[in-house]
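Okay, so here's the structure we're looking at.
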Amino acid sequence: MDRYLVFGHPVRHSKSPFIHTLFARQTQQELEYGLAEPAIDEFAHALRTFFDQGGKGCNVTVPFKEQAFTMVDCLSPRAKRAGAVNTIKLTDDGVLLGDNTDGAGLVADLKSHGVTLADSRLLLLGAGGAARGALAPLLAELPSELVIANRTHTKAQQLAAEFHDLGPVIAQTYEQLAGPFDLVINSTSASLQGELPPLAPALIHTDIAIYDMMYGASDTAFISWAKQHGARQTMDGLGMLVEQAAEAFTVWRGIRPGTKQVLRELKRNLGAI
């Protein structure tokens, strides 16, 4: 049976085995999917061993995405742009192909919620790996402007400069931000600690869409805050998790699984509904 893993540290909380098991059942694919949590300095050895022992593909999550980028034999265009790899496939000719499905998953989830990206003004909070993976797919949707805000402003500036050839992207400090924005995406990990990015409440209005890449059984801190200040459309990153997984599954198996029922099952699994 074909074997797949997700590598991360920590990774025991991962929902990827649950998701991919449902995808396999739905598409009648014979595979097994498990977890791997190597020590930080043992990822390279663990990855090579997995493929030497017959592994077909894997997902890679925090903190190994940048290291995976340096270990594959070739990169997809979106992985090159992201500077990180979250999906690896062993091709039929023995080549390790690195891909990044995070941004595609984000855009697919936003569209599933009816969010319009074309000609919209977008605000992306954070300038780390999650933001980097999202930028090219977001800019491909032709927003009127994409503003990056980050606590360390120089990181936002560097990211904006790197992606400026793809569309109208600029960096601003949190103090410089002026609305209105149509969509705010929180790519920071602040919600994991129950914290908030330093966003002015005045930027929130009733017609804004709020997206937090983090997720949980209840609203994240950022989503709760946005609701308190009048946001009517709020979304967490659970749908992005499922959509990027579907994209990875397609890379591996050549067949696109449906996501709606899997997302419903995942929400039940989390106790969210």
Side-chain angles (χ1 to χ4, degrees), residues 1-37 46-47 50-51 53-62 64-65 68 72 75-76 78-79 82 84-92 95-115 130 133-134 137 211-217 235-273:
M1 184 177 289
D2 291 346
R3 292 172 52 236
Y4 297 85
L5 287 176
V6 56
F7 286 90
H9 192 100
V11 80
R12 280 163 285 182
H13 66 285
S14 175
K15 299 300 180 185
S16 292
F18 182 87
I19 294 168
H20 284 286
T21 297
L22 291 182
F23 283 162
R25 189 179 305 158
Q26 177 196 122
T27 58
Q28 298 181 320
Q29 296 286 298
E30 294 279 337
L31 62 86
E32 61 180 29
Y33 189 108
L35 302 171
E37 191 175 289
L47 185 71
F50 170 66
F51 283 109
Q53 294 178 349
K56 293 293 186 179
C58 66
N59 288 126
V60 183
T61 188
V62 176
F64 300 129
K65 292 183 183 183
V72 295
L75 295 161
S76 70
R78 57 190 179 185
V85 160
N86 81 328
T87 300
I88 301 176
K89 175 184 179 179
L90 180 65
T91 66
D92 291 340
V95 171
L96 286 185
L97 169 66
D99 201 353
N100 191 306
T101 66
D102 286 333
L106 170 64
V107 169
D109 192 36
L110 286 166
K111 289 183 174 180
S112 76
H113 284 94
V115 176
Y211 195 98
D212 194 340
M213 289 189 185
M214 300 298 108
Y215 64 88
M235 301 150 279
D236 68 15
L238 198 61
M240 176 182 172
L241 175 69
V242 175
E243 293 291 349
Q244 67 81 23
E247 190 79 8
F249 192 93
T250 306
V251 170
W252 294 329
R253 310 299 293 186
I255 184 170
R256 180 85 185 187
T259 56
K260 290 184 178 179
Q261 181 60 35
V262 172
L263 181 56
R264 283 195 291 268
E265 292 293 334
L266 183 57
K267 286 181 177 178
R268 290 193 188 98
N269 182 259
L270 282 176
I273 60 173

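Quick note: residue numbers are just sequence positions, from 1. Computed from a prediction, not measured in an experiment: that's the story for all the values here.
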I'd like to check V6 versus Y33 (side-chain heavy atoms, cut-off strictly below 4.5 Å). Are they in contact? yes
Counting only N and O atoms by type, is there a donor-acceptor contact under 3.5 Å from the side chain of E37 to the main-chain atoms of V11? yes
Side-chain contact test, heavy atoms from C-beta onward, threshold under 4.5 Å: evaluate it for L5 versus S16 and give yes or no. no
Can any side-chain N or O of Q29 pair as donor or acceptor with the backbone N or O of F23 at less than 3.5 Å? no
Partners meeting side-chain hydrogen bond (donor to acceptor under 3.5 Å, both in side chains) with T91 (sequence neighbours left out): D93
What's the shortest heavy-atom distance between F51 and K56, and which atoms? CE2-C, 3.8 Å
Check whether any side-chain heavy atom of V115 sits under 4.5 Å from a side-chain heavy atom of Y211, and report yes or no. no
Taking every heavy atom of A82 against every heavy atom of N100, the minimum-distance pair comes out as CB-ND2, 3.5 Å
Report the residues that fulfil ring pair (Phe, Tyr, Trp, His ring centres under 6.0 Å) with F64, sequence neighbours left out, ordered by chain and then residue number. F43
Tell me yes or no: between the side chains of N86 and T101, is some donor less than 3.5 Å from an acceptor? yes
Between atom NE2 of H20 and atom CG of L31, what is the distance when rounded to the nearest 0.5 Å? 9.0 Å
Below 4.5 Å, heavy atoms only, C-beta onward: do E265 and N269 meet side chain to side chain? no
Does atom NZ of K15 have more than 12 heavy-atom neighbours, drawn from other residues, nucleotides or ligands, at distances under 6.0 Å? yes
May I ask you to test the Q26-F249 pair for a side-chain heavy-atom distance under 4.5 Å? no
When you compare the side chain of F7 with that of F50, does any pair of heavy atoms fall below 4.5 Å? yes
Check each of D99, L75, L96 against V85 using the side-chain contact (heavy atoms from CB on, under 4.5 Å) test, and report the only one that passes. L75
Checking the side chain of W252 only, and the main-chain atoms of E247 only, is there a donor and an acceptor separated by less than 3.5 Å? no
